[in-house]
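So that the names make sense, note that chain A is the first sequence line, chain B the second, and so on, each numbered from 1.
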Amino acid sequence: MAASPKIRRDFFNRSVHRVAPELIGATLLVDGVGGVIVEVEAYHHTDPAAHSYTGRTERNAVMFGPPGAAYVYRSYGIHWCLNFVCEAEGSASAVLIRALEPTEGLAPMRRRRGLSDERALCSGPGKLCQALGVSIKHNGLVLDRAPFELRARQHKPEIVIGPRIGISKAVDHPWRYGMKGSKFLSKPFKT
DNA sequence: TATGAGATCAACT
DNA sequence: GTTGATCTCATAC
């Protein structure tokens, strides 16, 4: 199989709404463990649902930094969520990685998750971070250097679009992107 | 299949 | 003091 080109950090130097759909089908690895991105959501600083909406704080400082970095935060006190910073320094936009199709390092993922069901390993932002071992240690790290590895997709997949999940503000913005027909989505898309 | 509650904590008001 | 960009398990249908 031909090696896919690595995604460099300048890939993220564009609008989240352009970056997000292009991430579908790309491969994300952390320490060699990961898979194909099948679901993401876009967050923009003008968006009431975004952490950056009310301005820079200690938690979201990475979002205000240069694109191509990972923004990791704790959700509901227990889970971690992984975002990729986009656009430009200070624009405070990011793409939330919501689901992966596991392809590399199945054994460590199953061990970390305590599950054997492949479909449940990475089908949600909290699950995905647990399976890949992502935590606050990764906050602020750039995505084109170890332990991260991002590889571009070979072919453009069919993309489905819908409203975002688990938020209470700006719920109608269709800023959730998924790979059509994937069995590894956190929730099915209404088509 | 669907709905609901509990876990658990840092940031925010 | 309240609220989540969530997940899992239990109970109901």
Side-chain angles (χ1 to χ4, degrees), chain A residues 12 15-17 19-21 23-24 28 30 34-35 37-65 67 69-87 91-102 108-141 143 159-179 182-191:
Chain A
F12 296 97
S15 159
V16 271
H17 302 302
V19 173
L23 280 173
I24 302 297
L28 167 68
V30 181
I37 297 172
V38 296
E39 183 183 347
V40 300
E41 285 177 3
Y43 288 87
H44 191 261
H45 71 284
T46 57
D47 163 17
H51 286 171
S52 53
Y53 181 65
T54 51
R56 178 178 179 142
T57 66
E58 194 158 341
R59 171 172 68 159
N60 65 25
V62 171
M63 277 184 89
F64 287 81
Y71 165 48
V72 182
Y73 69 93
R74 206 198 266 289
S75 171
Y76 292 89
I78 8 193
H79 303 290
W80 298 107
C81 290
L82 173 64
N83 299 252
F84 296 168
V85 179
C86 290
E87 221 157 295
S91 77
S93 305
V95 175
L96 170 69
I97 309 303
R98 285 193 59 86
L100 297 183
E101 175 178 344
M109 285 195 261
R110 287 200 174 101
R111 179 165 35 86
R112 289 178 184 136
R113 296 272 297 119
L115 288 173
S116 58
D117 181 5
E118 202 173 304
R119 284 171 48 159
L121 286 179
C122 299
S123 56
K127 301 176 185 178
L128 170 166
C129 286
Q130 187 184 12
L132 303 205
V134 170
S135 75
I136 194 66
K137 289 184 300 188
H138 300 88
N139 193 34
L141 299 184
L143 295 163
I159 307 285
V160 284
I161 298 176
R164 293 174 295 179
I165 290 179
I167 55 175
S168 57
K169 299 166 189 169
V171 290
D172 291 331
H173 291 172
W175 290 347
R176 176 178 181 232
Y177 301 89
M179 186 183 294
S182 172
K183 298 181 179 62
F184 300 92
L185 301 171
S186 62
K187 286 186 181 169
F189 280 78
K190 185 193 163 206
T191 48

Given atom [atom1] of [X] and atom [atom2] of [N], what is their separation to the nearest angstrom?
X	N	atom1	atom2	value
K187(A)	dT3(B)	NZ	P	11 Å
L121(A)	dT8(C)	CG	C1'	15 Å
Y76(A)	dA5(B)	OH	C1'	13 Å
N83(A)	dT6(C)	CG	P	11 Å
H79(A)	dA7(B)	NE2	C1'	8 Å
N139(A)	dA10(B)	CG	P	15 Å
R59(A)	dA10(B)	CZ	C1'	7 Å
R176(A)	dA5(C)	CZ	P	16 Å

So does [X] get a side-chain nitrogen or oxygen closer than 4.0 Å to the phosphate oxygens (OP1/OP2) of [N]?
X	N	result
R113(A)	dT8(C)	yes
S168(A)	dG4(C)	yes
K169(A)	dG4(C)	no
H51(A)	dA5(C)	yes
R98(A)	dT6(C)	yes
S186(A)	dT6(C)	no

Side-chain touch N83(A)/Y73(A), heavy atoms, less than 4.5 angstrom: yes
Give the nucleotide from the list dA5(C), dC7(C), dT8(B) with an atom nearest to the side chain of I78(A). dT8(B)
Choose from dC12(B), dC7(C), dT6(C) the nucleotide whose nearest atom is closest to any side-chain atom of S75(A). dT6(C)
Describe the nucleic acid contact of G126(A) in one word from base, sugar-phosphate, nothing, applying a heavy-atom distance below 4.0 Å. sugar-phosphate
I want to confirm an ordering. Mapping A49(A) and L115(A) to their closest nucleotides on DNA chain C, which one lands closer to the 5' end? A49(A)
Can you tell me how the ring of H17(A) sits relative to the ring of W175(A), calling it parallel under 30°, perpendicular over 60° and tilted otherwise? tilted
Nucleotide opposite dG4(B) in a Watson-Crick or G-U pair, distances under 3.5 Å: dC9(C)
Give, for atom NZ of K127(A) and atom CG of L100(A), the distance between the pair rounded to the nearest 0.5 Å. 12.0 Å
Distance-only polar pair, side chains of E39(A) and S186(A), donor-acceptor under 3.5 Å: yes
Report yes if a donor N or O on one partner sits less than 3.5 Å from an acceptor N or O on the other, where the partners are the side chain of Y73(A) and the base of dA5(C); otherwise report no. yes
Please check this pair: side chain of R113(A) against backbone of A120(A), looking for a donor-acceptor N/O pair closer than 3.5 Å. yes
